[in-house]
Chemist: 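Pasting in a structure now, in structure tokens, and then I'll have a few things to ask.
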Amino acid sequence: MGGLFLVETLIEDIYARKVYDSRGNPTIEVEVATTEGFGRASTPAGASTGIHEVVPFPEGGVDEAVKLVNEVIAQRIVGMDAADQVAIDSLLHEIDGTNNFSKIGGAVALAISIAVAKAAASSFDMPLFQYIGGAFATEMPYPLGNVIGGGKHAGDRAPNIQEFLIIPVGAKSYAEAIEVCFKVHREAGKAIRSIDGSFAGGRGDEGAWAANISDEDALNALSKACDKVQSKTGCKVVLGIDMAASSMWNSEKKVYVLRREGKVRSQEEQLNYVIEIAEKYDLRYIEDPVHEENFEGFSQLVKSIGHKTLICGDDLFTTNASRIRQGLELKAANAIIIKPNQVGTLSDTYEAVKTAKRGGLMPVMSHRSGETEDNFISHLAVGFRCPLIKTGILGGERVLKHNELTRIEEALENVKSMVELPSQLTR
């Protein structure tokens, strides 16, 4: 900060504790108190994780992480300026000393980093989105809603594809958009019951329906639900999927394993299948269609269908600026998932968003399947001007993020607008 120091943002105390995520697994929560403010943050965890993500916790797990914060890291950070986010995050890297946060844990670093940002925003009596994004952070994202689940988020008899998604692109406000998502979710449940009479209304990790149906059945049910809601509301809704192909990939045999059918696909068959269902169901968004090291496969899909479908990398990029640059050189995607806990700090997350935008990748702010009651990604989506936010539809830990976005939209009533979407979603 060029030698300037604001007494309001002086960090006076840091405290960590063990809490639990939406799957009942332990995670870390950190509180930061400044002279004039306070921030609290807890970090989520994924089930389908990329191999290039940072290590979430140090050896010894959450208990060791809590001890590390309270007995070691706090002493280094107390007395610093919460408004100097880059200095705080750089110190976390310095304390860790590795390139993947394996010593202190990426989840630990993120909890501290976000809590510091919240405390600084609180010190200035500002909402987090405005503190991060400035006066011109006034555009609301569209929800990318998970309606039907499969893969690692549901049971063995659920679809192979991990997520069947919708985007209410015709909505004029976030409040309208999320209401449309709720309606599609309900209609999809009815459509599933018409396919599977034994369906009991089960839901997976992210609140999406978990049913004993095939990928094709799920796509048909979702299409039917979208058509019904669209005709009733007049709001255009488009479809997407998260293939989570790395979870299907057998690296030894070089095939994609279809758990439900007991079959496999070659790499060429996987590419052809993705193109086929994109055409058949008019999919506007496809995430992780091939495994996380297959930059070339991603590139082929961008060349084939990228002009009308967003090809989004999650495990491919893991919110990592160096991998993003590698993907940009190969033109491997036109959208990117942003998950702060994949990279460890707010500064690293911002660097990933900035690198992606400069290269023409559309950022999608995203939750994890094991979420907490923290709503910081709602603020990051607005502050970083992400066109989409992926945070489920139902489930208390998901709905609270939608509710926070509704509050943000209300706070921006006189200046807000919905963000401009790319042509693949609006055509």
Side-chain angles (χ1 to χ4, degrees), residues 1-7 9-18 27-35 37 39-45 50-121 123 128 131-132 317-325 338-355 376 380 384:
M1 292 189 62
L4 295 176
F5 196 95
L6 301 173
V7 67
T9 52
L10 173 71
I11 296 175
E12 296 186 336
D13 190 32
I14 294 180
Y15 179 75
R17 65 170 63 86
K18 178 166 70 174
T27 187
I28 192 167
E29 180 177 84
V30 172
E31 295 177 344
V32 173
T34 64
T35 306
R40 175 188 292 134
S42 54
T43 46
I51 60 174
H52 298 285
E53 295 187 26
V54 295
V55 177
F57 293 105
E59 188 174 341
V62 176
D63 291 327
E64 178 62 26
V66 169
K67 182 179 178 183
L68 194 60
V69 174
N70 291 334
E71 297 182 4
V72 178
I73 300 175
Q75 295 178 21
R76 299 284 301 273
I77 294 179
V78 168
M80 293 184 71
D81 183 3
D84 196 347
Q85 188 74 44
V86 173
I88 298 286
D89 293 344
S90 296
L91 179 61
L92 291 171
H93 278 287
E94 180 187 318
I95 293 171
D96 179 81
T98 71
N99 62 2
N100 64 351
F101 276 119
S102 58
K103 182 178 177 182
I104 69 172
V108 179
L110 182 65
I112 295 170
S113 184
I114 296 294
V116 165
K118 286 184 176 182
S123 300
L128 182 62
Y131 172 72
I132 291 169
F317 295 126
T318 58
T319 318
N320 183 300
S322 64
R323 285 189 66 83
I324 294 169
R325 284 188 282 270
I338 299 296
K339 292 176 176 174
N341 82 318
Q342 288 182 327
V343 69
T345 71
L346 184 57
S347 297
D348 289 308
T349 304
Y350 173 69
E351 182 63 27
V353 172
K354 185 172 65 173
T355 303
F376 69 84
L380 297 192
F384 289 159

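Only a predicted model underlies this, so the values are computations on that prediction, with no experimental measurement involved. As a basis for the values below, the full set of heavy atoms in this structure was taken, side chains included, without hydrogen atoms, waters or symmetry mates.
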Chemist: Do Val116 and Met80 have side-chain heavy atoms sitting under 4.5 Å apart?
Modeler: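 Answer no - side chains too far apart.
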Chemist: Looking at Leu110, Thr345, Val108, which one forms a side-chain contact (heavy atoms from CB on, under 4.5 Å) with Phe101?
Modeler: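 The passing option is Thr345.
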Chemist: The criterion is salt bridge (Lys or Arg N to Asp or Glu O under 4.0 Å); which residues satisfy it with Glu94, sequence neighbours excluded?
Modeler: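 By the salt bridge (Lys or Arg N to Asp or Glu O under 4.0 Å) rule, Glu94 matches Arg76.
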Chemist: With Ala121, which residues qualify under side chain to side chain contact (heavy atoms under 4.5 Å, CB included), at least two apart?
Modeler: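 Per chain and number, Ala121 pairs via side chain to side chain contact (heavy atoms under 4.5 Å, CB included) with Leu128, Tyr131.
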Chemist: Take Asn320 and Val54 through the side chain to side chain contact (heavy atoms under 4.5 Å, CB included) test and state the conclusion after the steps.
Modeler: CA-CA 9 Å; Asn320 183 300; Val54 295; over 6 Å; no
Chemist: Is the closest side-chain donor-acceptor distance between Asn341 and Thr43 under 3.5 Å?
Modeler: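 No pair is found: no donor N or O on one side chain lies under 3.5 Å from an acceptor on the other.
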Chemist: Residues two or more places apart in sequence or in another chain: which of them pass salt bridge (Lys or Arg N to Asp or Glu O under 4.0 Å) with Lys103?
Modeler: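 Lys103 satisfies salt bridge (Lys or Arg N to Asp or Glu O under 4.0 Å) with no residue once adjacent residues are dropped.
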Chemist: Looking at residues at least two apart in the chain, or sitting in another chain, which of them share a side chain to side chain contact (heavy atoms under 4.5 Å, CB included) with Pro56?
Modeler: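 So Pro56 forms a side chain to side chain contact (heavy atoms under 4.5 Å, CB included) with Ala107.
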Chemist: Should Ile28 and Phe57 count as side-chain neighbours, where that means a heavy-atom distance under 4.5 Å?
Modeler: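 SC-SC contact between Ile28 and Phe57 confirmed.
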Chemist: As an exercise, state the distance from CG of Leu380 to OH of Tyr350, rounded to the nearest 0.5 Å.
Modeler: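 Rounded to the nearest 0.5 Å, the CG-OH separation comes out at 13.0 Å.
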Chemist: Would you indicate whether the side-chain heavy atoms of Arg40 and Lys118 approach each other to under 4.5 Å?
Modeler: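 Sidechains of Arg40 and Lys118: no contact.
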Chemist: Should Thr34 and Ile11 count as side-chain neighbours, where that means a heavy-atom distance under 4.5 Å?
Modeler: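 Yes, side chains in contact.
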Chemist: Looking at residues at least two apart in the chain, or sitting in another chain, which of them share a salt bridge (Lys or Arg N to Asp or Glu O under 4.0 Å) with Arg323?
Modeler: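 In terms of salt bridge (Lys or Arg N to Asp or Glu O under 4.0 Å), with neighbours along the sequence ignored, Arg323 is linked to Glu293.
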Chemist: Please list, chain by chain and in numerical order, all residues satisfying salt bridge (Lys or Arg N to Asp or Glu O under 4.0 Å) with Lys354, sequence neighbours excluded.
Modeler: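 By the salt bridge (Lys or Arg N to Asp or Glu O under 4.0 Å) rule, Lys354 matches Glu351.
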Chemist: Quick one: are Ile73 and Leu68 in side-chain contact, heavy atoms under 4.5 Å?
Modeler: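 A side-chain contact under 4.5 Å exists here.
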Chemist: Does a donor on one side chain and an acceptor on the other come within less than 3.5 Å for Asn100 and Ser102?
Modeler: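 Present: a donor and an acceptor within the cut-off.
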